[in-house]
Number of protein chains: 2
Amino acid sequence: MIASLVGDPARANMLTALMNGRALTASELAQEAGITPQTASSHLSKLEAGGLVEPEKQGRHRYYRLTDDDVAGVLEGLAGLAARTGHMRVRTGPKDPALRRARICYDHLAGDLGVQMLDTMRTRNLVRQKKQDIELTTEGERFLAKHLQISPDMLTHPRRPVCKACLDWSERRHHLAGTLGAAMMQRFAELKWAARDATPGSRVVNFTRTGEKQFAALFGGEKD
Amino acid sequence: MIASLVGDPARANMLTALMNGRALTASELAQEAGITPQTASSHLSKLEAGGLVEPEKQGRHRYYRLTDDDVAGVLEGLAGLAARTGHMRVRTGPKDPALRRARICYDHLAGDLGVQMLDTMRTRNLVRQKKQDIELTTEGERFLAKHLQISPDMLTHPRRPVCKACLDWSERRHHLAGTLGAAMMQRFAELKWAARDATPGSRVVNFTRTGEKQFAALFGGEKD
DNA sequence: TTCATGCTTCGATGGTAGCCGAAGCATTGC
DNA sequence: GCAATGCTTCGGCTACCATCGAAGCATGAA
């Protein structure tokens with residue numbers, strides 16, 4: 001069972017340390033989890049067998065990273081559930097401030113800016129949210145076409161919903177997933193408003209100066 | 001840690017059994033997980049403390065359901081990860097089809113048709129439901145008098161409520177109980193729309209051809 | 001070659017948590 | 001009233017698994 005892998009405190013600490021997308025050596029992960037290298041080795045081989053992490057040999061070192069964004073997404077979901085029941089473990093979220101601000105969750109925008117975006121879209125009636133279900137309003141369609149050149153027919157997919165609420169790891173509130181969430185993130189990249197961090201495997205999303213300005217103009221709150 | 005809750009095989013089996021959105025009793029979940037009721041009780045209290053499931057008391061039974069869609073979503077994600085590394089599990093299917101369709105619950109109609117009836121009554125504003133409490137609207141009173149010759153004064157009882165939501169055994173959704181539920185079932189029998197199965201001890205309710213038609217005319221959905 | 005570093009495997013230990021039998025409440029039915 | 005059913009609590013037993021020390025492989029540097 002996958003969940004039992006994540007359930008162990010030592011392994012959970014390791015996985016949390018890997019949540020920023022960077023690869024860490026076995027020793028570093030051991031220290032991160034507060035255990036000896038031989039114990040860490042045992043854990044890491046189990047995580048690898050479960051498909052949660054992938055090793056990369058480099059000289060005498062073995063670097064481990066999360067397998068892909070799906071794994072990160074599930075971990076994020078678990079952290080979200082843990083957070084809302086106050087059942088969380090030591091770490092309350094990413095300590096990296098850049099990661100808290102904006103990051104990739106599967107293929108859409110998460111973090112402070114992701115939550116803020118959905119908030120604004122909701123208050124401006126671009127979407128209507130009922131629990132986990134979100135639907136795009138006609139006002140929202142007009143908005144997307146006008147400002148982001150996104151039309152509804154670009155968003156249809158046989159198995160995936162257009163809009164979906166996704167629990168945010170660091171903010172503990174919902175951000176926007178689904179084909180729309182993915183399309184908007186892609187558009188931000190195309191417009192050179194933002195780009196995934198160059199560091200291999202990093203989930204950080206860096207906004208450019210002008211990108212941040214444009215984003216704030218569309219989705220910024222009253223503050224700032 | 002939330003993940004460790006899901007990680008235990010017995011608890012994972014329980015949660016998987018709840019994934020269809022229906023509620024199950026503690027004993028049923030015990031059987032589903034292949035453990036004794038006292039062990040299941042321990043597991044369920046932990047799941048409840050972790051905010052993964054919510055109980056609903058009904059008579060001697062305790063029905064458990066997943067807290068909300070966020071929980072189900074995370075479980076889906078975990079199952080997805082498990083599936084791609086080949087750690088799948090199996091699902092269970094329904095049993096007696098006749099019993100699922102229509103049966104007696106105490107003295108009122110249960111099963112697929114019972115749930116359907118309450119659904120329709122709710123959407124047509126014949127009743128208003130708030131959680132477990134149901135109240136008859138004036139529209140509902142008119143409807144009952146016109147189509148089933150049931151008047152409100154037939155329904156008063158010192159200890160029993162007129163309307164009550166009763167969790168359905170097979171559908172795991174609410175059907176209508178209380179003196180109204182009983183009166184309607186009785187009326188169906190008097191009109192020869194339906195009758196309890198002749199088999200001694202059987203709880204199956206058989207609808208006649210015309211009875212099914214009349215019932216569908218009053219409470220049928222769009223389909224059929 | 002020889003040594004040092006990084007990681008893994010082996011073996012033994014101990015704490016934790018799942019498990020069940022028996023008894024205790026609560027609700028319903030007679 | 002009493003019995004039956006459903007669920008919980010309590011106490012003890014057992015099995016599993018995380019943990020670490022020590023030894024075994026690798027790789028890289030001298």
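By convention in this document, chain letters (A, B, ...) are assigned in the order of the sequence lines, proteins followed by strands, and residues within each chain are numbered from 1. These numbers were taken from a predicted model, which means no experiment stands behind them.
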> Whole angstrom is fine here: how far is it from NE2 in B:H43 over to P in D:dT8?
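My rounded result for the distance is 13 Å.
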> Restricting both atoms to N or O, compile the protein contacts to nucleotides 20-25 of chain D shorter than 3.5 Å, with distance only.
unit_1: D:dC20; atom_1: OP2; unit_2: A:T36; atom_2: N; d: 3.2
unit_1: D:dC20; atom_1: OP2; unit_2: A:T36; atom_2: OG1; d: 3.0
unit_1: D:dC20; atom_1: OP2; unit_2: A:T39; atom_2: OG1; d: 3.2
unit_1: D:dG21; atom_1: N7; unit_2: A:Q38; atom_2: NE2; d: 2.6

> Given atom CG of A:D8 and atom P of C:dG15, what is their separation to the nearest angstrom?
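The answer, rounded to whole Å, is 17 Å.
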> Can you list everything that forms a side chain to side chain donor-acceptor pair (under 3.5 Å) with B:R142? Sequence neighbours excluded, please.
none
> Students often get this wrong, so: under 4.0 angstrom with heavy atoms, is A:Y63 touching a base, only sugar-phosphate, or nothing?
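Answer is nothing: A:Y63 stays at 4.0 Å or more from every strand.
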> Please report the interatomic distance CZ(A:F188) to CG(A:L109), rounded to the nearest 0.5 Å.
6.5 Å
> Could you pull out all residues at least two apart from B:E48 that satisfy side chain to side chain donor-acceptor pair (under 3.5 Å)?
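For B:E48 there are no side chain to side chain donor-acceptor pair (under 3.5 Å) partners, ignoring immediate neighbours.
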> Is there any ring-ring contact (aromatic ring centres under 6.0 Å, His included) pair reaching into residues 25-57 of chain A, and which pairs are they, with sequence neighbours excluded?
none
> So which nucleotide from C:dG18, C:dA26, D:dT19 ends up closest to the side chain of B:K57?
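When the side chain of B:K57 is considered, C:dA26 is the closest of C:dG18, C:dA26, D:dT19.
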> State which residues pass side chain to side chain contact (heavy atoms under 4.5 Å, CB included) with B:K46; sequence neighbours excluded, sorted by chain then number.
B:L5, B:R11, B:S42
> Choose from D:dA18, D:dT8, C:dT9 the nucleotide whose nearest atom is closest to any side-chain atom of A:K46.
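The answer is D:dA18.
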> On the nucleotide D:dT8, are OP1 or OP2 found under 4.0 Å from the side-chain N or O atoms that B:R62 carries?
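Answer yes for this pair, as a side-chain N or O of B:R62 is under 4.0 Å from OP1 or OP2.
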> Of all residues at least two apart in sequence or in a different chain, which pass the salt bridge (Lys or Arg N to Asp or Glu O under 4.0 Å) check with B:E141?
none
> Whole angstrom is fine here: how far is it from CG in B:L5 over to C1' in C:dA17?
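Spelled out: CG on B:L5 to C1' on C:dA17 is 12 Å.
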> Please report, rounded to the nearest Å, how far the P atom of C:dT5 is from the CD atom of A:Q31.
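In whole Å, C:dT5 P and A:Q31 CD are 16 Å from each other.
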> If I take atom CG in residue B:L47 and atom P in nucleotide C:dG18, what distance separates them, rounded to the nearest angstrom?
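Computing the B:L47:CG to C:dG18:P distance gives 10 Å.
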> With distance as the sole test, does A:T25 use its side chain to make a donor-acceptor pair with the main-chain N or O of A:R62 at under 3.5 Å?
no
> Just how far, in rounded Å, is P of D:dA4 from NE2 of B:H61?
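The distance from NE2 of B:H61 to P of D:dA4 comes to 17 Å, rounded to the nearest Å.
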> Can you measure A:L44 atom CG to D:dA18 atom P for me and round it to whole angstrom units?
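In whole Å, D:dA18 P and A:L44 CG are 12 Å from each other.
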> Side chain of B:A10 only, please: which of C:dT27, D:dT8, C:dC19 is the nearest?
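The listed nucleotide nearest to B:A10's side chain is C:dC19.
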> Classify the nucleic acid contact of A:T25 as base, sugar-phosphate or nothing, counting any heavy atom under 4.0 Å across all strands shown.
sugar-phosphate
> Looking at C:dC25, I'd like to know if its phosphate oxygens (OP1 or OP2) sit under 4.0 Å from a side-chain N or O belonging to B:R60.
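No, because none of the side-chain N or O atoms of B:R60 sits under 4.0 Å from OP1 or OP2 of C:dC25.
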> What is the distance, to the nearest angstrom, from the CG atom on B:L29 to the C1' atom on C:dC19?
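Computing the B:L29:CG to C:dC19:C1' distance gives 17 Å.
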